[in-house]
Engineer: 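Dumping the structure here so I can ask a few things about it.
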Amino acid sequence: MLRYGVIFQASDLEIHLTWLQHFSKQIAEGIWYPRWLAGTNYGYGSPTFTFYPPLVYYIGSVLKLGGLNADRVIVFLCLLAVWLAGTFFYVYGRQKWGIIPSLLGAVVYVTVPYLSINLYIRGALPETWSFALLPLGLLITEKAIIKPKWRILQAIIFAVLALTHVPSLLLFTIFWLPYTFSFLLNHSWKPVGATIISGLMGLGIASFYLLPAIGEKYLVNIESMRNVSGGYQTNLIGNPLFIANNDFSRPQIQNAFLYQLGACILFAVVAYLCDRQDQKKLKQIYGWLGFILILAFLMVSPSAFIWASSKTLQMVQFPWRLLVLFSLGVAALCSIATDGIIRKNRKLLIMGIVSCIILNWGFNYKISLLRAGFYQIKDVTSEAAIASNRYQVFKRIETIINNPYADNIKDAREYIPLLSNGQVAPAPAMGQPTVSVTSGKAEIKLNLWGSYNRIFHVIATSPSTIRVRTYYYPAWHLYANKKPHPIEVADDGTMQIQLEPGSYTIELRYQWTRFFTLGVVLSVLSILALLLFWIKTSGMASVPAKIS
């Protein structure tokens, strides 16, 4: 009897498990950056990590190669992300609001409904890690304005965020720029400008990933991401189609949005009642409340014209991804309100904070019951389970965990290469031979079939066409008897080789593309520039605020 309990059930679980298994395998082969996942798509391969940030999978690979099973690695990564989110928010808030307010804010931050939706329903592992990185980014920014030495960490946090989750990077940067410019009210333009430049240096450090991801996107089906689940229009809360398309997560997302908006208003009212005579505190309250209300507007249907104006914004896919930043704002207002309660000794108001935390726990508990929790044991062989397709889902997960390299695993559709006419290559077919003769007459002997290097010997007795079960991508280069040889693209997107009669040793190598080479160069130059920046500023004293 098949039981699931090895891991929790979530929409993106299969793909993250698949990527972890294949990424870690290629790391073990000595490939320092597995841009091409050779064993996915039934062995046709995919340039997945040319376009998807790799950092979480590097961390996971270290754990997996250290002896943990893939399912336990995923669980550990999720729990670590939640712990880091709470820790970094506490560290960020402690210097602003004190120990108890920042502690309660951290509790609110790690219990917000959207975090549980990401874990239990969506399985959005890298986005969950962005919960940890955002408060850390704000903390480092505030330090970098005052102390030049922190600007090297400012660059590093931007590089880390770029290599973790690009939509979160985009949304955070849109918020971070005005947040950083706001320091001009109390500081000169030099520290503010230097802090912004250090953030740009961080993007330069991540150029080895970012530049190919941007420059090579025309080679794959990545534009389809704009239309996932109906596109940005359908994913705006309040759109009549938001709930109507039967997406399991959307009612929960709408509930999370409304609940967090209510919590925000509660915390703002409590904070105002405690500090309505303190102009400095009121500025904080109004600033965070205004930020949250802007985010709320961007997540509802009246903001459609803003999303329609930018194709870059549309690559975020779901406007409700702003709930990560929204959650940060709610936790900040909680800390501000708690700080006011403690200073004004208004103990009765603390019940509002405690009630919100209790409601968070209750919301999360209900979400955990909707999907299988960590290592719960539930039968999926019942008639009802099979009818709802759960049995097939967990059979696939079982295969990914126990037999992930058997050429029977798919990959994300958006990373399938395009044909020369711009159409998406047909879906891969299971059970195809690695190398075959499609016309003519030839004998083939396979010598090596590695992730980045394939060697086989061909004896052709007539003009022959040889098909290789690998999607064509410009990083692949072919050599016949050690001389470069042209590659043709078959109708199904795989590689074809035309050979005249003779004996050939054929070698396929996955090499650096032009954009990847340029990206590596820019990354190295950015690191050198950051080191020079560090040397130049290491002797500088802290920057004093302007005297108003």
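What you see is a predicted model, and the numbers here were worked out from it, not measured in a lab.
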Engineer: Given 3.5 Å as the limit, does a donor-acceptor pair link the side chain of Ser303 with the main chain of Leu298, or not?
Structural biologist: yes
Engineer: Suppose we call two aromatic rings close when their centres sit under 6.0 Å apart. Are Phe158 and Trp176 close by that rule?
Structural biologist: yes
Engineer: Side chains of Glu142 and Tyr179 only: does a donor on one sit below 3.5 Å from an acceptor on the other?
Structural biologist: yes
Engineer: Side chains of Ser301 and Asn239 only: does a donor on one sit below 3.5 Å from an acceptor on the other?
Structural biologist: no
Engineer: Do Phe49 and Trp36 have ring centroids that are under 6.0 Å from one another?
Structural biologist: no
Engineer: So, Tyr209 side chain and Phe51 main chain: donor-acceptor pair closer than 3.5 Å or not?
Structural biologist: yes
Engineer: Under a 3.5 Å cutoff, is there a donor and acceptor pairing between the side chains of Arg321 and Gln317?
Structural biologist: yes
Engineer: Which atom pair, heavy atoms only, marks the closest approach of Ala124 to His16?
Structural biologist: CA-NE2, 4.4 Å
Engineer: Are the charged groups of Lys281 and Asp339 less than 4.0 angstrom apart, N to O?
Structural biologist: yes
Engineer: Assess, by modelled atom type and distance only, whether the side chains of Ser168 and Ser130 contain a donor and an acceptor separated by less than 3.5 Å.
Structural biologist: yes
Engineer: Could you report the tightest heavy-atom contact between Tyr452 and Trp476, atom names first, then the distance?
Structural biologist: O-CZ3, 4.0 Å
Engineer: Side chains of Tyr415 and Asn41: any donor to acceptor distance under 3.5 Å?
Structural biologist: no
